[in-house]
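Take a look at the structure below.
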There are 2 protein chains.
Amino acid sequence: MLSRIEQICSDKGLKMTDQRRIIAQVLSESIDHPDVDLVYRRATELDPRISIATVYRTLRLFEEANILEKHDFGDGRARYEEASGDHHDHLINIKTGEVVEFYNQEIEAMKQQIAKDLGFELVDHRLELYATPSVSNESPDDDSSF
Amino acid sequence: MLSRIEQICSDKGLKMTDQRRIIAQVLSESIDHPDVDLVYRRATELDPRISIATVYRTLRLFEEANILEKHDFGDGRARYEEASGDHHDHLINIKTGEVVEFYNQEIEAMKQQIAKDLGFELVDHRLELYATPSVSNESPDDDSSF
DNA sequence: TTATGTGCAAAGAGTTTGCCAGCTA
DNA sequence: TAGCTGGCAAACTCTTTGCACATAA
């Protein structure tokens, strides 16, 4: 069965190779926001006949086809997620690196308004919240090498 | 006369060298958000006896001393501005690279609230609007290599 | 069959660092 | 003078690319 992303690729008429299929599958199944190296490791686990250069090339291809979204959470590495159409912002747990997605209609409206007030037309935007879990009865094993 | 930043350095007890003084001056006088290379070029203009490594080291030193703020506007280069205490966000003119600062109390409050609602404590945040000038009677020579 | 994709290794951009000479306090 | 600082070049990380071979359509 085709992965979600492979289906989109075929709809868009992209030439599909084994490598692209694997990378499409990896990202279809990723619920986190993996960086290039993590995509590469997940991909080679499924099929070792794949190089890091192909991962870079394919991620860029998918991004340019609006199949993936590329993010930069400030650590100098690109991170990817499947494009979902609906815009959302990110909260990054700086203790664990975990990314929580959220959407707030009011904030979106205000972004538009602010750009307009400054005499601009909004093309893109990003809002990232860097935060630590509130002290409460959380599981204490969240802490990692982050 | 001491530049604003040099004054802060001396208050903080940092050992001052000619190089650090020059870099302090460059950033005190910069009203834009220069990247490392631009700081380097402005510095060597004032005194050629300064290396790019020193610029990197000094910018990092100043950032860690909370004298400067480091930003990443998504083009893979760090950009710096004098830390002003009062938080603000940035609108980046994607036609020219120019950066406009703005502050919106409501948005700040909402960032806090969203983090709290998700069970987090806000540590840091960034909001960037990427925009083009509204079509109006602007000077048409804004367009650059950007 | 032919345009396109891939692997490999080399190259690039931005940034950091080891080492020793030089300078600040 | 003691110890931090700076210059230089090498090293590092992330990403891109030239080239020859492989492959989808």
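So you know, we letter chains A, B, ... as the sequences are listed, proteins then strands, and number each from 1.
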Got a salt bridge between A/Arg42 and A/Glu45, using NZ or NE/NH1/NH2 to carboxylate O under 4.0 Å?
-> no

Using a strict cut-off of less than 4.0 Å between a Lys/Arg side-chain nitrogen and an Asp/Glu carboxylate oxygen, indicate whether B/Arg60 and B/Glu63 qualify as a salt bridge.
-> no

From [atom1] of [X] over to [atom2] of [N], roughly how many Å is that when rounded to an integer?
X: A/Ile52; N: C/dG7; atom1: CD1; atom2: P; result: 11 Å
X: A/Arg77; N: D/dC12; atom1: CZ; atom2: P; result: 18 Å
X: B/Tyr80; N: C/dG14; atom1: OH; atom2: P; result: 13 Å
X: A/Phe73; N: D/dC14; atom1: CZ; atom2: P; result: 16 Å
X: B/Asp37; N: C/dG12; atom1: CG; atom2: C1'; result: 15 Å
X: B/Asp75; N: D/dT16; atom1: CG; atom2: P; result: 14 Å
X: B/Asp47; N: C/dC23; atom1: CG; atom2: C1'; result: 14 Å
X: A/Leu14; N: D/dA24; atom1: CG; atom2: P; result: 15 Å

Look at the rings of A/His33 and A/His90 and say which category their plane angle falls in: under 30° parallel, 30 to 60° tilted, over 60° perpendicular.
-> perpendicular

Can you see if the side chain of [X] gets near the phosphate of [N] - specifically, an N or O under 4.0 Å from OP1 or OP2?
X: B/Gln19; N: C/dC23; result: no
X: A/Tyr56; N: D/dT16; result: no
X: B/Thr54; N: D/dG6; result: no
X: A/Arg21; N: C/dG5; result: no

Can you tell which of [options] lies closest to the side chain of [X]?
X: A/Thr58; options: D/dC14, C/dT6, D/dC8; value: C/dT6
X: B/Arg57; options: C/dT6, D/dC8, C/dT24; value: D/dC8
X: A/Arg20; options: C/dG18, D/dG18, C/dG5; value: C/dG5
X: B/Met16; options: C/dG7, C/dG14, C/dA25; value: C/dA25

For residues B/Gln113 and A/Asn104, determine if any side-chain heavy atom of one lies less than 4.5 Å from a side-chain heavy atom of the other.
->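 No, every pair of side-chain atoms sits at 4.5 Å or beyond.
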
Is there a donor-acceptor contact under 3.5 Å from the side chain of A/Thr58 to the main chain of A/Arg20?
-> no

Would you confirm whether B/Lys12, through its side chain, and B/Ala65, through its main-chain N or O, come within 3.5 Å as a donor-acceptor pair?
->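 Yes; judged by distance alone, with no hydrogens or angles, the pair exists.
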
Check if the side chain of B/Arg49 and the base of C/dG22 share a donor-acceptor pair of N or O atoms closer than 3.5 Å.
->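 Between C/dG22 and B/Arg49, which were checked side chain against base, a qualifying N/O pair under 3.5 Å is absent.
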
If you measure from OG on A/Ser30 to CD on A/Glu81, what distance do you get to the nearest 0.5 Å?
->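 The OG atom of A/Ser30 sits 11.0 Å away from the CD atom of A/Glu81.
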
Describe, as an angle rounded to 10 degrees, how the axis at the first end of the helix from C/dT1-D/dA25 to C/dA25-D/dT1 is tilted relative to the axis at the last end, five pairs per end.
->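 End-to-end axis angle for the helix from C/dT1-D/dA25 to C/dA25-D/dT1: 40°, rounded to 10°.
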
Most 5' of B/Thr17 and B/Arg60 on DNA chain C, judged by nearest nucleotide | B/Arg60

Polar side chain donor-acceptor pair, A/Glu101 to A/Tyr103, under 3.5 angstrom | no

Under 4.0 angstrom, heavy atoms only, what part of the nucleic acid is A/Ile50 near: base, sugar-phosphate, or nothing?
-> sugar-phosphate

